[in-house]
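Remarks on the structure that follows.
We count ligands from 1, going down the list as the structure has it; atoms in each ligand are counted the same way. The structure presented is a predicted model; accordingly, all values stated were derived computationally and were not measured. Excluded from the calculations below are hydrogen atoms, water molecules and symmetry mates; all remaining heavy atoms, backbone and side chain alike, are included.
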Amino acid sequence: MREISALQEERLKYRPKLAGILKNGIKNIDVELKGKTSAVKDKEEINKLFSNIYGKELIHFISSDKEQTFDVKNVGVILSGGQAPGGHNVIAGLYDALKQANPKNELYGFLGGPSGIVDGKYIKFTDDFINQYRNTGGFDIIGSGRTKLETEEQFQSVWVQCKKLNINAIVIIGGDDSNTNACMLAQWLDEKNTGIQVIGCPKTIDGDLKNDQIEISFGFDTATKTYAELVGNIQRDANSAKKYWHFIKLMGRSATHVALEVALQTQPNITLISEEVEQKKMSLQSIVDYVTDIVVKRAEMGKNFGIALIPEGLIEFIPEMKVMISELNDILAVVENDNASASKEEKYALIEAKMSANSANVFKSLPELIKAQLMMDRDPHGNVQVSKIETEKLLIEMVSQKLEALKAQGKYNGKFSAQSHFFGYEGRCAAPSNFDADYCYSLGYNAFALIQFGFTGYLSCIKNLTKPASEWAAMGVPLTMMMNMEKRHGKMKPVIQKALVEINGPVFKELEKNRENWALNDKYIFPGAIQYFGPADVCDITTQTLILEQKEAVKC
Ligand code: FBP
């Protein structure tokens, strides 16, 4: 019996392509400063909160003929938040750069996310250990977690642990919340003159950690290709049996980048876009009407089947729901605290009494299942756990009811039999695509370049990603550039701003241009599995999102 699959064995041998100038080796690069930066919003407030690290210059790495020498560095690394394909390669890239710079450098991995560094739980990486994880999916190399770093005690513990291990720099691999942690920690460590640097790496399958500099977070490429394969397979099944409507919820806590990308790769009949729902102020009922209308029209054509993609975060973008959830977030903590032993029904009554009349009506109108799911604990960053809210089932129920009513009026004569699916965890730990394997390796390698030159409060950034890796640029982006103030747990807090789908952007426009056609005429695409070996235009292609956005960026 094999211990690992044949594919995994082959993938371990894959040598990721390094970004452009990083190929010269970690010792043959130099820095070009590209001008001061400022926060995306709430500049004064952010400047005040992050006075030590605010407004630093953008950094470009350039090649240097002169071989640089640097002091020995010990680095600690943390995987933070939800898993995303390629995380192991970020660590491999960081490790290789660090050892190439000086074999005496050491890399420590903190276990189980940010809590690992607070509690002093770690391992020291070795060649043999790292080699088992190259080009593999998952975060199991050191585990992950969602602990929020914000208290004085936590920061003091981080400092104690770093002193114990003689750590000079910490790399936090995470999404918006985790890089908010990185920014807070960088400020604190700098304020205390510890000399310990903090560098972030842009991770999240959600694809919402991006801006003018960060083209895409890692993991989005592999996760969307994995979901697109699954959606394509279901489309084939639906088109074969012609008897089911499939309502498929796709992961992506807030922004709809994942569902939009999967829609462009598969061309389903319906794709809901949360940002459009918010912009057009669509009510839950108007979304149900939109979906029902397509179901009815297809039934009139003899097609009692179809595919609808539903973004995970939809519920929080429906204006009446958004207001209700925001009120619920503030009320819930108090109700749970003061009435811990109350029954579910008593809690509902208390909540409804404390809500505005409108929100109370919205809450009351929801099926029991959804009410209970909305009451579940928030994550440590104050987010509603939307992955646990079964919006796909809510829509099926409401569409069914509407169709029954239409049938009673003689306006619908079809059959509606629906299946619900949720694709999220299926894609988060897939083996990284060639793109993510290369991108992540470069991000990790580049993170060490930033450390080597003494930077802190920066995000590792690799650009020009639609070009071949040999043309990718290596950069550093100040974390404060991405920060703004937002309400969390009822209080205004500094956080990294999420990049939502732009309704006037080229990616949404592509869907908008085609969706009417895709709704009624079946134009399904079946992408199939991710390919790792073969021609570059099959194995190394990036996402439609990246291609369309970069085309637009070149035009501007
Ligand atoms: P990150 O923002 O940490 O990358 O996590 C993203 C995500 O995969 C979301 O898409 C999803 O809503 C959430 O994690 C699920 O969280 P959990 O893993 O805690 O169930």
Non-hydrogen atoms of [X] versus ligand 1: any pair closer than 4.0 Å?
X    : result
G252 : yes
G175 : no
K203 : yes

Could you tell me, atom by atom, which parts of ligand 1 come under 4.0 Å of a heavy atom of [X]?
X    : value
Y425 : 15 (C), 17 (P), 18 (O), 20 (O)
G81  : 3 (O)
E312 : 9 (C), 10 (O), 11 (C), 12 (O)

Legend entry - Option of least heavy-atom distance to atom 14 (O) of ligand 1 (set: K498, K388, R146):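 Minimum heavy-atom distance to atom 14 (O) of ligand 1 goes to R146.
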Legend entry - Minimum non-hydrogen distance to atom 10 (O) of ligand 1, winning option of L250, I389, D206: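 Answer by nearest heavy atom: D206.
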Inset, instruction - Among all protein heavy atoms, pick the one closest to atom 7 (C) of ligand 1 and tell me residue, atom and distance. - result: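 Heavy-atom neighbour on the protein nearest atom 7 (C) of ligand 1: R428 NH1, 3.7 Å.
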Legend entry - Taking atom 4 (O) of ligand 1 as the reference point, the nearest protein heavy atom with its distance: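 It is T204 OG1, 2.8 Å.
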Legend entry - Which residues share a side chain to side chain donor-acceptor pair (under 3.5 Å) with E261, sequence neighbours left out: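 Side chain to side chain donor-acceptor pair (under 3.5 Å) list for E261, sorted by chain: Q265, T545.
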Legend entry - Geometric N/O contact G82 with ligand 1, under 3.5 angstrom: yes
Legend entry - Within-4.5 Å side-chain heavy-atom neighbours: H421 and F247: no
Inset, instruction - Over all heavy atoms of both residues, which pair between I117 and C162 is shortest? Give the atoms and the distance, please. - result: CD1-SG, 4.3 Å
Legend entry - Nearest heavy atoms of M475 and N446, plus distance in Å: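 Taking M475 first and N446 second, the nearest heavy atoms are O-ND2, 2.8 Å.
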Legend entry - E512 atom CD: more than 12 heavy-atom contacts under 6.0 Å: yes
Inset, instruction - Decide yes or no on ring pair (Phe, Tyr, Trp, His ring centres under 6.0 Å) for Y439 and F218, but give the supporting numbers first. - result: CA-CA 7 Å; Y439 179 40; F218 78 77; 7.1 Å; no
Legend entry - Ring-ring centroid check F363 Y348, cutoff 6.0 Å: yes
Legend entry - Presence of salt bridge, K493 and E486, under 4.0 angstrom: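 A salt bridge is absent here (no side-chain N lies under 4.0 Å from a carboxylate O).
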